[in-house]
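Below is one structure, written out as structure tokens; comments come after it.
Owing to the predicted nature of the structure, the values given are computational and were not obtained by experimental measurement.
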Amino acid sequence: MQEKVRTTFRKIELHKKESFYLIVRGVEVGLSAGLISVLYRYLLSFAEDKLYMALDFVKGNPVRIALWLMLLSLIGLGVYFITKWEPKSAGSGIPQINGEIKGYFSQSWWKVIIGKLVGGTASVFAGLSLGREGPSVQLGGMAAKGVAKLTKADKTTELRMISCGAGAGMAAAFNAPLAGIMFVLEEIHRTFDKSILCMGIVATITADFTSKVFFGQSTIFNYDTVNFPLRYYWLLIIIGILLGVGGALYNVIMVWSQKVYKSIKRIPNYIKLPFVFFVSGVVGLVMPQILCGGHSMEVLLIENRPTLMMLVILFVTKFLFGAFCFASGAPGGTLYPLCILGTYLGAILGGVSIDMFGLDESLWAEFIVIGMAGFFSSIVRSPITGIVLVFELTGNMNNLLPLATVSLISYATANLIGVNPFYEALLERMIKSDDSRPEFHNTDEKVLKTYVVPMGSKIAKKRILDIDWGKHCLVVSVERNEVSITPKGETVIKEGDELVILVSQRRFSKDNERLERLINGDLV
């Protein structure tokens, strides 16, 4: 018992003197997450190149086409066995990381890495409309977990490393370090944790540097800035609303497609998944532009300005094919494909606006990036990440105001409609369908978790002793105005306080969920 008390006090003391330690851990996380993301990015680029070579080789030859479709079906069967061997390697990877950090899952880091690398590469070689960014988030998190396990880090440090590894994976995939850390804070933690911020900034910068060593420093989208006319800002409001409605519809259809796929129980998965790969082969022969994450569509949009009809056709077919591929649960992400859909939706709205209102043709590129940011914000429900991500993808911050206007309006519109954020909806479905729960070998270990008291919280202005924190939770520090306050029963909680709470690892998922609801005002 005395040893447990000493361990707990050591953990609290380390929390107060950990800046240097967090920086060192951030470098470890950034290197591991960056290298695994670079490997995945290389494998997918190689697979995509070989895919188009194969399509050129088989086109026009019925025998070769038949053999190609048979090969893809066999690859689909192989991917089925991979996802059966490690179920958490299936799908996007972002909900899995979110669930791990919240205590719902405990993934085998090395099995997920192997499953994602092999399964994701196979899926892209088959042309499935899936991207690398979501899986890179999971791969980064699992690489960081591997480092934590190998260095025997405590559970608090391990969870922080997984969080920062996820952000580092996104940074390496997009060459966007700021978006990586913002994604962790805004989408995964939904709170401001200084420890995560410190470790995360170091990790994402390190991962981004690692990625740029291999792939260079050029941005994905380059365009000439044209100031959006102030007298047409009312048009941005309409576009924001349309993107918000479109994002909510996207979430509904994607989740619905997953339900439909899983409801077809008379056909076993070892037949359904190869069929998806077979269909992808057929699509590749008819419309190769919509295959994979969307690089071909990006090149087409930037280098050639397609007609309005072609933009609509590519948008609709990419959307439907993406929903079909995502529903199968094949390893691969939706983050970059949805960004591509956003650019095409922005291009469509921009083309219509230019024709109807006689706007300058040079504004067309501005509509493209506005569409990406707005669509991302409405689907993921992380507007700040969307704004920062587009800035880093384009390397252009001159038109921040129209970008922010559309993003915030689309975010508010999607919230008003009431559809759950995309990755939150996926996590909820995953938790309901997953009967397993994490097994903790050291169930006496505690986890330090930081919560920020928001404006309007019902616990604000209450004394600590008047709040039911839960049997297994203990407030160990109150951070206020850069000063650490040792909490007592009479200490009054204020808005903006950072509460450092010791939570039982055994009950972490339940207690963490309850504390979030309590602090955010759902419980009293």
task = Apply side chain to side chain contact (heavy atoms under 4.5 Å, CB included) to the pair K318 and L341, showing each step before the final yes or no.
result = CA-CA 8 Å; K318 179 69 173 175; L341 288 173; 3.7 Å; yes

ask   = So is K149 actually on top of W109's ring, under 6.0 Å and inside 45° of the axis?
value = no

query = Do V380 and T385 touch side chain to side chain, with heavy atoms closer than 4.5 Å?
reply = no

request  = Return the minimal non-hydrogen interatomic distance between Q138 and K88, and the atom names on each side.
outcome  = NE2-O, 2.8 Å

request  = Can you run down the ring pair (Phe, Tyr, Trp, His ring centres under 6.0 Å) pairs that involve residues 118-144, sequence neighbours left out, and say none if there aren't any?
outcome  = W68-F125

request  = Could you tell me which residues satisfy side-chain hydrogen bond (donor to acceptor under 3.5 Å, both in side chains) with Y40, sequence neighbours excluded, listed by chain and number?
outcome  = none

ask   = Would E158 and K155 pass as an ion pair if we require N to O under 4.0 Å?
value = yes

remark   = Output for pair (L518 CG, L499 CG), nearest 0.5 Å, gives 9.5 Å

query = Tell me, do L474 and I501 make a side-chain contact under 4.5 Å, heavy atoms counted?
reply = no

request  = Would you confirm whether N481, through its side chain, and V483, through its main-chain N or O, come within 3.5 Å as a donor-acceptor pair?
outcome  = no

key: Candidate pair F326 and F422, rule ring pair (Phe, Tyr, Trp, His ring centres under 6.0 Å), full reasoning   = CA-CA 13 Å; F326 170 75; F422 184 52; 5.6 Å; yes

ask   = Shortest non-hydrogen contact from G374 to S407?
value = N-OG, 4.0 Å

Counting only pairs under 3.5 Å, give me each side-chain donor-acceptor contact of residues 42-52, with atom names and distances, residues two or more places apart or in other chains.
from: S45; atom 1: OG; to: R41; atom 2: O; distance (Å): 3.0
from: Y52; atom 1: OH; to: P288; atom 2: O; distance (Å): 3.1
from: Y52; atom 1: OH; to: S296; atom 2: OG; distance (Å): 3.0

message = Can you tell me which residue among P331, S280, C292 is in a side-chain contact (heavy atoms from CB on, under 4.5 Å) with L128?
response = S280

key: Stepwise side chain to side chain contact (heavy atoms under 4.5 Å, CB included) test for C473 and L515   = CA-CA 9 Å; C473 303; L515 285 169; 3.9 Å; yes

inquiry  = For residues 370-390, which residue pairs pass the salt bridge (charged side-chain N to carboxylate O under 4.0 Å, His left out) check, not counting sequence neighbours?
reply    = none

query = If you look at every heavy atom in A171 and P177, which pair is closest and at what distance?
reply = CB-CA, 3.7 Å

query = Taking side chain as C-beta onward, heavy atoms only, is F105 less than 4.5 Å from I97?
reply = no

Euclidean distance, I36 CD1 relative to M142 CE, rounded to 0.5 Å = 12.0 Å

message = Does anything in residues 201-212 form a salt bridge (charged side-chain N to carboxylate O under 4.0 Å, His left out)? List the pairs, not counting sequence neighbours.
response = D208-K212

inquiry  = When you measure from the side chain of R132 to the backbone of A173, do you find a donor-acceptor pair of N or O atoms at a distance under 3.5 Å?
reply    = yes

request  = Report the residues that fulfil salt bridge (Lys or Arg N to Asp or Glu O under 4.0 Å) with E424, sequence neighbours left out, ordered by chain and then residue number.
outcome  = R190

message = Taking G333's backbone N and O only, do any of them form a donor-acceptor pair with S92's side chain (distance below 3.5 Å, no angle check)?
response = no

query = Tell me, do L55 and L291 make a side-chain contact under 4.5 Å, heavy atoms counted?
reply = yes

Partner of S32 by side-chain contact (heavy atoms from CB on, under 4.5 Å), out of V147, L139, V27 = V147

message = Quick check against the 3.5 Å criterion: does T83 have a side-chain atom that pairs as donor or acceptor with the backbone of V79?
response = yes

message = With rounding to the nearest 0.5 angstrom, report the CD1 to CG distance, I387 to L408.
response = 5.0 Å

query = Going by the salt bridge (charged side-chain N to carboxylate O under 4.0 Å, His left out) test, which pairs reach into residues 322-341, not counting sequence neighbours?
reply = none

ask   = Any side-chain heavy atom of M297 sitting closer than 4.5 Å to one from Y344?
value = yes

inquiry  = To check you understand the geometry: which heavy-atom pair defines the closest contact between A207 and A168, and what is its length?
reply    = CB-O, 3.4 Å

ask   = Among all residues two or more places apart in sequence or in another chain, which pass the salt bridge (Lys or Arg N to Asp or Glu O under 4.0 Å) test with K145?
value = E100

query = Between I181 and I201, what is the shortest heavy-atom contact and its length?
reply = CD1-N, 4.1 Å

query = Quick one: salt bridge (Lys or Arg N to Asp or Glu O under 4.0 Å) partners of K102, sequence neighbours excluded?
reply = E516

message = Under 6.0 Å from the ring centre and within 45 degrees of the ring axis: does the NZ or CZ of K449 meet both conditions for the six-membered ring of Y451?
response = yes

message = With side-chain hydrogen bond (donor to acceptor under 3.5 Å, both in side chains) as the criterion, how do E187 and S382 come out once you've worked through the C-alpha distance, each side chain's angles and the decisive distance to 0.1 Å?
response = CA-CA 6 Å; E187 169 61 21; S382 300; 3.2 Å; yes

task = Could you check if a side-chain atom of M170 sits within less than 4.5 angstrom of a side-chain atom of L335, using non-hydrogen atoms only?
result = yes

request  = Would you mind reporting whether V476 and L448 have side-chain heavy atoms less than 4.5 Å apart?
outcome  = yes

key: A176: side-chain contact (heavy atoms from CB on, under 4.5 Å) partners, not counting sequence neighbours   = F174, A179, L389, E392

task = May I ask you to check whether R25 and T151 show a side-chain donor-acceptor distance below 3.5 Å?
result = yes

inquiry  = Counting C-beta onward and ignoring hydrogens, is there a side-chain heavy-atom pair between K446 and F508 closer than 4.5 Å?
reply    = no

query = Is it true that the side chains of Y423 and E428 contain a donor and an acceptor less than 3.5 Å apart?
reply = no

Step-by-step side chain to side chain contact (heavy atoms under 4.5 Å, CB included) determination, T343 to V369 = CA-CA 6 Å; T343 63; V369 295; over 6 Å; no

task = Just grab all the side chain to side chain donor-acceptor pair (under 3.5 Å) pairs involving residues 161-172, residues at least two apart or on different chains.
result = S163-H189

query = Taking it one step at a time, do Y411 and S378 satisfy side chain to side chain contact (heavy atoms under 4.5 Å, CB included)?
reply = CA-CA 4 Å; Y411 164 79; S378 62; over 6 Å; no

Minimum heavy-atom distance S123-F277, with the two atoms named = OG-CZ, 3.8 Å

message = Using only atom types and a distance under 3.5 Å, with no angle test, would you say the side chain of N251 pairs donor to acceptor with the backbone of I379?
response = yes

From CA spacing to verdict: side-chain hydrogen bond (donor to acceptor under 3.5 Å, both in side chains), Q96, Y104 = CA-CA 9 Å; Q96 290 92 321; Y104 294 108; over 6 Å; no

task = Examine distances only and state if a side-chain atom of T157 and a backbone atom of A153 form a donor-acceptor pair shorter than 3.5 Å.
result = no

message = I'd like to check the ring-ring contact (aromatic ring centres under 6.0 Å, His included) partners of F319; sequence neighbours left out, ordered by chain and number.
response = Y250

request  = Go through S477 and E479 one step at a time and tell me if the side-chain hydrogen bond (donor to acceptor under 3.5 Å, both in side chains) criterion holds.
outcome  = CA-CA 6 Å; S477 179; E479 310 284 336; 3.0 Å; yes

